[in-house]
Amino acid sequence: MKHTQVLVVGGGPVGMLVAAELGHHGVRTVVLEAEPRTVDRPKAGTVHARTAQGLARRGHLPVPIATEDLLGRGRAEGFHFAGAPGLVITAPATEPRPVLGRSQAELERDFELRARERGVDVLRGHRVTDIVQEPDAVHVSAQGPDGERRFTAEYVVGADGARSTVRERLGFAADTHPATVSAGLGLVRLTDPDSVPYGWHRTPRGWTIAGVDPYGHSRFITIDFRGPHPDRHSPLTLDELRQEAERVIGHRVPMADPRFLSRFSDFARLVRNYRQDRVFLAGDAAHVHFAVGGQGLNLGLQDALNLSWKLAHTLAGTAGKDLLDTYDAERRPAGQRVIDNTRVQLTLMRPDPGLDPLRDLVAELLGIDAVNTHVGHMISAQETVYPARTGRGSRGEGRFLPNLPLTTAAGPTDLIRLLLPGRPVLLLLGEAGRAHGEQGAAWAHVVRTVSATPARPLPWNAVLVRPDGYIAWAPDGGDLAGALGDWFGEPRRRT
């Protein structure tokens, strides 16, 4: 029997990021992953703005230090909405690029390496077979290369994907939407690449999505709107993918040498609570939706960034009352938002001529800058605002604080650099902000207090920033000591 503080079930990018973050905080962590090694599959490959911003604050993405000349400037990347071009994803120039191409496998490898370097025990080739909760611990059984192994953990994170054993064994209740379409995905060699439309292509019979590589294997997708496949889990064959491509496009589509073939649909599921006592769900174990807009991987990585620091503080004894309950309160609405917008996009994608006026209207609306920005922020999760925890009405609490250049006694820096150690930061801004320093001193064992001069004024003279970059308190939200107690428990007496 192996004892650990946190056991992560599932070693994909979400589970490995949770493990890497817990390892950073010195939490004894074990990862159980069924696959013996990372598998390169043509799945998610887009890192959106809010995910990139969160990863940068945790040191997983290198970002140059912010300078004053970048303030007020932005970065922009062209994207799509419901398969149609015209959407633009923007982000401040002080942040990473708003759309990054990083494969799921690449992220998994990076996070696993970091987790191992931080002392996490990653056990590959271990498939969980049972999980039982007790008031003070969770017991997990797994089948590994050397037979059955048993583990006991204070907390378990189920990041084991859409077919989650953790979710099924513990009976997490969920709301679902049944499948209405059948889609196929293949990594294949297109032997006549000029015959295949590049990118997102709609015909009266459905859609194809092709990242055509004339010199190698292409990622190729078909979407059939005539209904779900009668046997969703039957293996997709190359002949079936070819025939469906030819039906949708209307002519021969020669393809060969499949490296990967899979089915998917628009089935959607959202668990009704991301927490069940000592067990948490993250990533596809908690939410699945139609794969449009590159949002699923990002949603899961943001789950990981949200949950990991809260678990670390709870295990260290520096968490406020019910801190772990804020994980569901904050992340479930984000999951619902993605499910809702992907259902809207699929409606617009249906090859029904009767929908043409609606598609034309949406395209017209996206031509309005404010609408385009709003939709772009929705797809990239930059619209995310968490519910206020303190209940004191701050206009800042729960919002993400953009990176900004700062001058401290040690020299120039920026917000990203201050958050890299993984501790919450109390920023005291200018002379007026220093009055809040005395209240924060009783939480010096938890919170890093930094006096700084911002390159441009903020609406407040002080601000408390969580390790994931969201604002925990600002002066218009009432008493700082009360907020610190809500988030990080009782103050520590100074001797």
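Keep in mind the model is a prediction, meaning the values are calculated, not measured. When reading the values below, keep in mind they use all heavy atoms of this one structure, side chains included, and skip hydrogens, waters and symmetry mates.
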Checklist entry - Asn341 and Gln345: side-chain donor and acceptor closer than 3.5 Å? => result yes
Solution key, residues 409-416 side-chain donor-acceptor pairs under 3.5 Å, sequence neighbours excluded:
from, atom 1, to, atom 2, distance (Å)
Asp414, OD1, Ile416, N, 3.4
Asp414, OD1, Arg417, N, 2.9
Asp414, OD1, Arg417, NE, 2.9
Asp414, OD2, Ala66, N, 2.9
Asp414, OD2, Asn403, ND2, 3.1
Asp414, OD2, Arg417, NH2, 2.9

Next on the checklist: Donor-acceptor check, side chain of Asn372 to backbone of Gly86, threshold 3.5 angstrom: yes or no?
Outcome noted: yes
Next on the checklist: When you compare the side chains of Glu148 and His126, does any donor N or O come within less than 3.5 Å of an acceptor on the partner?
Outcome noted: no
Checklist entry - Is the count of non-hydrogen atoms from other residues, nucleotides or ligands lying under 6.0 Å from Glu106 atom CD greater than 12? => result yes
Checklist entry - Above 12 or not: heavy atoms from other molecules or residues under 6.0 Å from CZ of Arg127? => result no
Checklist entry - Where do His25 and Leu315 land on the side chain to side chain contact (heavy atoms under 4.5 Å, CB included) test, with the steps shown first? => result CA-CA 10 Å; His25 290 284; Leu315 288 163; over 6 Å; no
Checklist entry - Where is the tightest heavy-atom contact between Phe488 and Pro424, given as atom of each residue plus distance? => result CZ-CG, 3.6 Å
Next on the checklist: For Asp69, is the CG atom crowded, meaning more than 12 foreign heavy atoms sit under 6.0 Å from it?
Outcome noted: yes
Checklist entry - How far apart are the closest heavy atoms of Arg448 and Leu418, and which atoms are they? => result NH1-O, 3.0 Å
Next on the checklist: Within a 6.0 Å radius of atom CD on Glu68, are there more than 12 heavy atoms belonging to other residues, nucleotides or ligands?
Outcome noted: no
Checklist entry - Does Arg75 use its side chain to pair, donor to acceptor, with the backbone of Glu95 at less than 3.5 Å? => result yes
Item to check | Distance-only donor-acceptor check, side chains Thr129 and Gln143, under 3.5 Å | outcome: no
Checklist entry - Does the side chain to side chain contact (heavy atoms under 4.5 Å, CB included) test come out yes or no for Leu419 and Val465, once each step is laid out? => result CA-CA 8 Å; Leu419 288 171; Val465 188; 4.1 Å; yes
Checklist outcome for this item: Heavy atoms of Pro13 and Glu108 approach each other most closely as CD-OE1, 3.8 Å
Checklist entry - How many angstroms lie between atom CG of Leu100 and atom CG of Leu61, to the nearest 0.5 angstrom? => result 6.0 Å
Checklist entry - Under a 4.0 Å N-O cut-off, is there an ion pair linking Arg343 with Asp266? => result no
Checklist entry - Looking just at side-chain N and O atoms, do Thr38 and Arg124 make a donor-acceptor pair shorter than 3.5 Å? => result yes
Next on the checklist: Working note: Leu348 + Leu358, criterion side chain to side chain contact (heavy atoms under 4.5 Å, CB included); need CA distance, chi angles, decisive distance, verdict.
Outcome noted: CA-CA 7 Å; Leu348 291 169; Leu358 179 59; 3.6 Å; yes
Next on the checklist: Can you confirm whether Leu458 sits close enough to Leu429 that some side-chain heavy atom of one is under 4.5 Å from a side-chain heavy atom of the other?
Outcome noted: yes
Checklist entry - If you take all heavy atoms of Arg167 and Ala285, which pair is closest and at what distance? => result NH1-O, 3.0 Å
Checklist entry - What are the two closest heavy atoms between Ala474 and Ser394, and how far apart are they? => result CB-OG, 3.6 Å
Next on the checklist: Parallel, tilted or perpendicular, judged at 30° and 60°: which one describes the rings of His436 and Trp473?
Outcome noted: perpendicular
Next on the checklist: Could you tell me if the side chain of Phe151 sits less than 4.5 Å from the side chain of His3, heavy atoms only?
Outcome noted: no
Checklist entry - From Leu323 CG over to Trp487 CH2, what is the distance, rounded to the nearest 0.5 angstrom? => result 6.5 Å
Checklist entry - Going by atom types only, do Lys310 and Thr326 share a side-chain donor-acceptor pair under 3.5 Å? => result yes
Checklist entry - Rounded to the nearest 0.5 Å, how far apart are OG1 of Thr384 and CG of Leu299? => result 8.5 Å
Checklist entry - Would you say the side-chain atoms of Arg50 pair up with the backbone N or O of Pro98, donor to acceptor, closer than 3.5 Å? => result no
Checklist entry - Ignoring hydrogens and geometry, is there a side-chain-to-backbone donor-acceptor pair from Glu397 to Arg389 under 3.5 Å? => result yes
Item to check | Residue list, side-chain hydrogen bond (donor to acceptor under 3.5 Å, both in side chains) with Thr165, at least two apart or on another chain | outcome: none
Checklist outcome for this item: Interatomic distance, OH@Tyr274 vs CG@Asp325, rounded to 0.5 Å, equals 15.0 Å
Next on the checklist: Whether the Asp340 and Gln336 side chains hold a donor-acceptor pair (N or O, under 3.5 Å, no angle test) is what I'd like checked.
Outcome noted: yes
Checklist entry - Side chains of Gln295 and His48: is there a donor and an acceptor less than 3.5 Å apart? => result no
Checklist entry - Using 30° and 60° as the class limits, which term best fits the ring planes of Phe111 and His60: parallel, tilted or perpendicular? => result perpendicular
Next on the checklist: Measuring only between side-chain heavy atoms, which start at C-beta, is Thr342 closer than 4.5 Å to Leu346?
Outcome noted: no
Checklist outcome for this item: His289 meets the ring pair (Phe, Tyr, Trp, His ring centres under 6.0 Å) criterion, sequence neighbours left out, with none
Next on the checklist: Over 60° means perpendicular and under 30° means parallel, so tell me whether Phe280 and Tyr155 are parallel, tilted or perpendicular.
Outcome noted: tilted
Checklist entry - Is there a donor-acceptor pair closer than 3.5 Å between any side-chain N or O of Ser380 and the backbone N or O of Gly376? => result yes
Checklist entry - Could you go step by step and tell me if Arg434 and Glu431 meet the salt bridge (charged side-chain N to carboxylate O under 4.0 Å, His left out) rule? => result CA-CA 5 Å; Arg434 292 186 175 88; Glu431 287 299 325; 3.0 Å; yes
Checklist entry - Taking NZ, NE, NH1 and NH2 as the nitrogens, is one of them in Glu21 or Arg114 under 4.0 Å from a carboxylate oxygen of the other? => result no
Checklist entry - Is it true that a side-chain atom of Arg399 and a backbone atom of Val385 form a donor plus acceptor pair closer than 3.5 Å? => result no
Checklist entry - Which value, rounded to the nearest 0.5 Å, describes the distance between Asp121 atom CG and Arg28 atom CZ? => result 12.0 Å
Checklist entry - Is the shortest side-chain N to carboxylate O distance from Asp468 to Arg58 below 4.0 Å? => result no
Checklist entry - After noting the C-alpha distance and the side-chain angles of Asp175 and Arg269, does the key distance pass the salt bridge (charged side-chain N to carboxylate O under 4.0 Å, His left out) rule? => result CA-CA 6 Å; Asp175 296 313; Arg269 176 178 53 230; over 6 Å; no
Checklist entry - Are the side chains of Leu297 and Leu107 in touch, meaning some heavy atoms are under 4.5 Å apart? => result yes
Checklist entry - When you look at Val450 and Leu426, which way does the side chain to side chain contact (heavy atoms under 4.5 Å, CB included) test go after all the steps? => result CA-CA 6 Å; Val450 179; Leu426 175 61; over 6 Å; no
Checklist outcome for this item: Distance col, row Glu112:CD vs Leu17:CG, nearest 0.5 angstrom, shows 13.0 Å
Checklist entry - Are Arg169 and Asp160 close enough, and set up right, to give a salt bridge (charged side-chain N to carboxylate O under 4.0 Å, His left out), and what steps lead you there? => result CA-CA 12 Å; Arg169 286 283 182 176; Asp160 49 340; over 6 Å; no
Checklist outcome for this item: When Val31, Val157, Val166 are each screened for side-chain contact (heavy atoms from CB on, under 4.5 Å) with Val9, the one that passes is Val166
Item to check | Closest non-hydrogen atom pair between Gln382 and Pro92, with its separation | outcome: OE1-CD, 4.3 Å
Checklist entry - Does any donor atom in the side chain of Arg331 or Tyr386 lie under 3.5 Å from an acceptor atom in the other side chain? => result yes
